[in-house]
Amino acid sequence: MKNKLVVHNTLTKKKELFTPIHKDYVGLYVCGPTVYGEPHLGHARPAVTFDLIFRYLQHLGYKVRYVRNITDVGHLENDADEGEDKIAKKARLEQLEPMEVAQFYIDSYHIAMDMLNVKRPSIEPRASGHIIEQIEMIQKILDKGYAYVSEGSVYFDVEKFDKNYGYGKLSGRVLEELFSNTRTLDGQDEKRNPADFALWKKATPEHIMKWSSPWSVGFPGWHIECTAMSTKYLGEHFDIHGGGMDLLFPHHESEICQSTIANGVESVKYWLHNNMITINGQKMGKSLGNFITLNEFFTGNHALLEKKYSPMTIRFFLLQAHYRGTLDFSNEALIAAEKGMNKLYAAFETLSRLKINDTPTEKAHLDWVERCYEAMNDDFNSPKVIAELFEATRLINLAQQGAIHFNHEEITEFKRNFELFFFDILGMKRENAENNNQDLVEQLMQLILQIRQQAKTDKNWEIADAIRQQLNTIGITVKDTKEGATWEKDVN
RNA sequence: GGUCUCUUGGCCGAGUGGCUAGGCACCGGUCUGCAAAACCGUCUACUCCGGUUCGAAUCCGGAAGAGACCUCCA
């Protein structure tokens with residue numbers, strides 16, 4: 001399994017066999033959030049995507065160091081490097097310390113990610129905590145002659161880089177074309193070339209997030225943090241760098257420039273990019289103002305939402321599309337995802353209660369497991385895995401009806417693999433997994449169902465229906481089957 | 001304008017040079033006191049036009065439409 005994983009590398013635009021730089025170890029760096037707003041569905045996509053990747057790599061037996069940064073400085077407002085720091089602007093508006101704003105949104109992000117059952121990364125470094133590393137790296141780039149100081153700011157010399165190393169290999173950008181078509185921006189005069197990007201920016205007097213540096217009191221440029229932090233925690237050469245497609249240019253392209261000069265090597269072996277969420281065919285993003293926050297999904301409190309959607313519904317919805325494709329939001333699609341997901345949870349419950357039949361099985365019912373592995377090995381094809389879980393569900397239901405039979409060994413394997421893919425790899429949250437009252441609840445439910453059965457035998461439909469109705473009210477669904485009544489707890 | 005990507009049925013979404021993706025919805029049936037679930041079955045596809053091929057939704061070319069990026073965004 002382990003040596004069959006194929007990943008799509010944005011750098012080569014091809015699927016490549018995944019072989020880690022150091023046997024059995026994987027370094028994974030993902031661009032995390034800029035914390036100046038409530039986390040929205042767009043933030044959930046890379047988080048869930050790389051959570052899936054993190055989980056699967058671990059399942060394959062790799063020891064993974066997963067680094068996901070938090071950008072709490074240096075991200076500028078407006079279209080130019082001349083803008084005001086986003087965090088600082090928000091802070092002034094709300095009369096708060098910048099770090100207070102950052103902390104507030106970091107907490108919001110963590111809460112939302114926990115609800116989505118996204119595993120915390122191994123290290124979650126903050127840009128503000130790595131100013132020294134960033135300054136050191138800028139100095140290195142200056143020493144090597146690929147940056148220049150201008151008015152207290154430091155800029156990367158893109159033209160020189162292009163001449164010697166070739167600029168734009170990740171995004172397919174050609175430098176000359178960037179010149180001719182670049183927008184006219186304010187304050188470009190400090191730069192020798194409009195394509196140059198800031199490594200360090202001198203702070204204006206009213207700028208409140210600033211640090212001392214050899215060049216000025218200021219703050220680091222947007223791109224340098226990821227290069228500095230990935231180098232610090234994963235080394236100069238590491239396996240996977242991920243993030244949203246919108247970061248491809250200029251952010252990741254700039255990272256390549258920085259690491260190539262500062263470290264002398266191109267640091268990343270595989271670039272992985274998740275696609276965007278769209279809403280009415282348009283990208284959901286902060287700038288367009290068409291985003292829906294995760295909390296709004298969880299509470300249903302948004303004009304575009306017909307109802308509330310549980311965190312697991314959101315997660316399942318995201319996993320039902322391949323991470324490299326766009327995914328269009330709609331109530332209809334979310335409701336469909338929710339129903340499908342509930343079907344899988346119900347099937348898992350049924351699986352636990354399935355009667356074992358030790359008559360010899362005509363054929364094994366585990367083909368789907370192999371297909372799940374094939375799907376995951378093919379660039380993490382979660383929608384295919386989900387399709388296979390539905391196939392497994394069909395088998396479970398057939399078994400419950402006695403149409404097919406599982407022997408003891410087979411049912412153990414079946415259950416183990418269903419749990420593996422649904423809970424461990426897709427990362428769907430287990431409901432009541434470590435509930436110690438499980439047995440008690442089961443016995444109480446059996447008692448209630450027996451009473452109801454007696455009422456039914458007596459044709460006392462009022463009592464029978466009342467029991468079912470009231471159980472329904474507290475989130476338990478009763479189903480009458482040929483074999484007698486069964487029950488299940490509603491998800492959410 | 002430049003670069004790139006996409007276009008699958010009512011909706012969402014996989015995929016492969018020839019074999020049903022899957023889910024949701026709809027319709028019919030089995031089951032059923034009713035309900036729900038489940039199961040069985042039916043029904044809608046591969047944007048258009050050329051080319052390659054015994055055979056293309058799948059490869060190539062062109063057109064149309066949509067989207068992303070072009071120093072804010074995940």
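Residue numbering restarts at 1 for every chain, and letters A, B, ... go by the order of the sequence lines. Just so it is clear, the structure is predicted and the values come from calculations on it, not from any experiment.
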Original post:
How close or far is atom C1' of B:rC11 from atom CZ of A:F329, stated in whole angstroms?
Top reply: 13 Å

**OP:** Nearest whole angstrom, please: distance from the C1' of B:rG13 to the CG of A:L327.
**Re:** 9 Å

Subject >> Closest to side chain of A:H322, choosing from B:rA14, B:rC34, B:rU71 >> reply: B:rA14

**OP:** Name the residue closer to the 5' end of RNA chain B, choosing between A:H40 and A:F316 according to the nucleotide with the nearest heavy atom.
**Re:** A:F316

Original post:
For atom P, what is the distance between B:rU3 and B:rG13, given to the nearest Å?
Top reply: 29 Å

**OP:** Report the distance from atom CD of A:Q400 to atom C1' of B:rC40, rounded to the nearest whole Å.
**Re:** 16 Å

Original post:
Which part of the nucleic acid, if any, lies within reach of A:G340 when heavy atoms closer than 4.0 Å are counted: base, sugar-phosphate only, or nothing?
Top reply: sugar-phosphate

Original post:
Do the side chain of A:R468 and the base of B:rA35 come within less than 3.5 angstrom through a donor-acceptor pair of N or O atoms?
Top reply: yes

Original post:
Taking atom P in both B:rC19 and B:rA57, what distance in whole Å separates the two?
Top reply: 11 Å

Original post:
For A:T326, which contact category applies under a 4.0 Å heavy-atom criterion: base, sugar-phosphate, or nothing?
Top reply: sugar-phosphate

**OP:** Could you tell me which non-hydrogen atom of A:L247 sits nearest to which non-hydrogen atom of A:C31, and how far apart they are?
**Re:** CD1-CB, 3.5 Å

Subject >> Side chains of A:H273 and A:T10, donor plus acceptor under 3.5 Å >> reply: yes

Subject >> Presence of donor-acceptor pair under 3.5 Å, side chain of A:R394 and base of B:rC40 >> reply: no

**OP:** Mind calculating the distance between NZ (A:K384) and C1' (B:rG22) to the nearest angstrom?
**Re:** 9 Å

**OP:** Check whether any side-chain nitrogen or oxygen of A:K339 sits under 4.0 Å from OP1 or OP2 of B:rA25, and answer yes or no.
**Re:** yes

**OP:** For A:M245, answer base if it contacts any base atom (sugar-phosphate contacts may also be present), sugar-phosphate if it contacts only those atoms, and nothing otherwise; contact means non-hydrogen atoms under 4.0 Å.
**Re:** nothing

**OP:** From the options B:rG23, B:rA14, B:rC11, select the nucleotide whose nearest atom is closest to the side chain of A:S330.
**Re:** B:rC11

Subject >> Closest nucleotide among B:rG33, B:rC70, B:rA37 to the A:K479 side chain >> reply: B:rA37

Original post:
Which nucleotide sits closest to the side chain of A:D465: B:rC72, B:rA37, B:rC34?
Top reply: B:rC34

Subject >> d(CG, A:N275; C1', B:rA66) in whole Å >> reply: 13 Å

**OP:** Please tell me which of the listed nucleotides, B:rA35, B:rC11, B:rC70, lies nearest to the side chain of A:D480?
**Re:** B:rA35

Original post:
How far, in whole Å, is B:rU16 from B:rA45 if one measures between their C1' atoms?
Top reply: 15 Å

Original post:
Rounded to the nearest Å, what distance is computed from the CG atom of residue A:N193 to the P atom of nucleotide B:rU71?
Top reply: 13 Å

**OP:** Would you confirm whether the ring centroid of A:Y155 sits within less than 6.0 angstrom of the ring centroid of A:F197?
**Re:** no

**OP:** Please check the phosphate of B:rC39 (OP1 and OP2 only) for any side-chain N or O of A:N397 closer than 4.0 Å.
**Re:** yes

Subject >> A:P383 side chain, from C-beta outward: closest of B:rC69, B:rG33, B:rA14 >> reply: B:rA14

Subject >> is_close_aromatic(A:Y373, A:W368), centroid dist under 6.0 Å >> reply: no

Subject >> Pairing nucleotide - B:rC4, Watson-Crick or G-U, each distance under 3.5 Å >> reply: B:rG67

Subject >> Residue pairs involving residues 311-332 of chain A (criterion salt bridge (Lys or Arg N to Asp or Glu O under 4.0 Å); sequence neighbours excluded) >> reply: A:D51-A:R315, A:R324-A:D379

Original post:
Of A:K13 and A:A336, whose nearest nucleotide on RNA chain B comes first from the 5' end?
Top reply: A:K13

Subject >> Same-atom distance (P) from B:rG61 to B:rC6, integer angstrom >> reply: 13 Å

**OP:** Rounded to whole angstrom, note down the C1' distance from B:rC27 over to B:rU42.
**Re:** 7 Å

Subject >> Of the listed nucleotides B:rU71, B:rG23, B:rA21, the one nearest the side chain of A:A387 >> reply: B:rA21

Subject >> Rounded distance in Å between the P positions of B:rU44 and B:rC60 >> reply: 30 Å

Original post:
Whom does B:rC39 pair with, Watson-Crick or G-U wobble, provided both distances fall under 3.5 Å?
Top reply: B:rG29

Original post:
So, do A:F50 and A:F54 have ring centers that fall under 6.0 Å from each other?
Top reply: no

**OP:** Tell which nucleotide pairs with B:rG61, taking only Watson-Crick or G-U wobble pairs whose two distances are both under 3.5 angstrom.
**Re:** B:rC49

Original post:
Is there a Watson-Crick or G-U wobble partner for B:rA56 with both distances under 3.5 Å, and if so, which one is it?
Top reply: none

Original post:
Roughly how many Å is it from CD in A:Q320 to P in B:rA14, rounded to a whole number?
Top reply: 10 Å

Original post:
Counting side-chain heavy atoms from CB outward, which of B:rU71, B:rC24, B:rG22 is closest to A:K191?
Top reply: B:rU71

Original post:
Taking any strand in view, what nucleotide pairs with B:rA14 in a Watson-Crick or G-U wobble way, both distances under 3.5 Å?
Top reply: none

Original post:
If you look at every strand shown and take non-hydrogen atoms under 4.0 Å, does A:K343 touch a base, only sugar-phosphate, or nothing?
Top reply: sugar-phosphate

Subject >> For atom NE2 of A:H251 and atom C1' of B:rC69, their distance in whole Å >> reply: 15 Å

Subject >> C1'-based separation of B:rU58 from B:rA14 [nearest Å] >> reply: 13 Å

Subject >> Residues A:Q400 and A:T350: side-chain donor-acceptor under 3.5 angstrom >> reply: no

Original post:
Should A:K283 be listed as having a side-chain N or O under 4.0 Å from OP1 or OP2 of B:rC69?
Top reply: yes

**OP:** Using a heavy-atom cut-off of under 4.0 Å over every strand shown, decide if A:L398 touches base, sugar-phosphate, or nothing.
**Re:** sugar-phosphate

Original post:
Taking the same atom, C1', in B:rG50 and in B:rA64, what whole-Å distance lies between them?
Top reply: 15 Å

**OP:** Report yes or no: do A:N69 and A:E124 form a side-chain donor-acceptor pair below 3.5 Å?
**Re:** no

Subject >> Nearest-neighbour nucleotide for the A:N381 side chain, B:rG22, B:rC34, B:rG15 considered >> reply: B:rG15

Original post:
Can we call the ring centroids of A:F422 and A:Y345 under 6.0 Å apart?
Top reply: yes

Original post:
Under 5.5 Å between ring centres and under 30° between planes: does that hold for A:F390 against the base of B:rG23?
Top reply: no

**OP:** Determine: side-chain N/O of A:N472 to OP1/OP2 of B:rA36, distance under 4.0 Å, yes or no.
**Re:** no

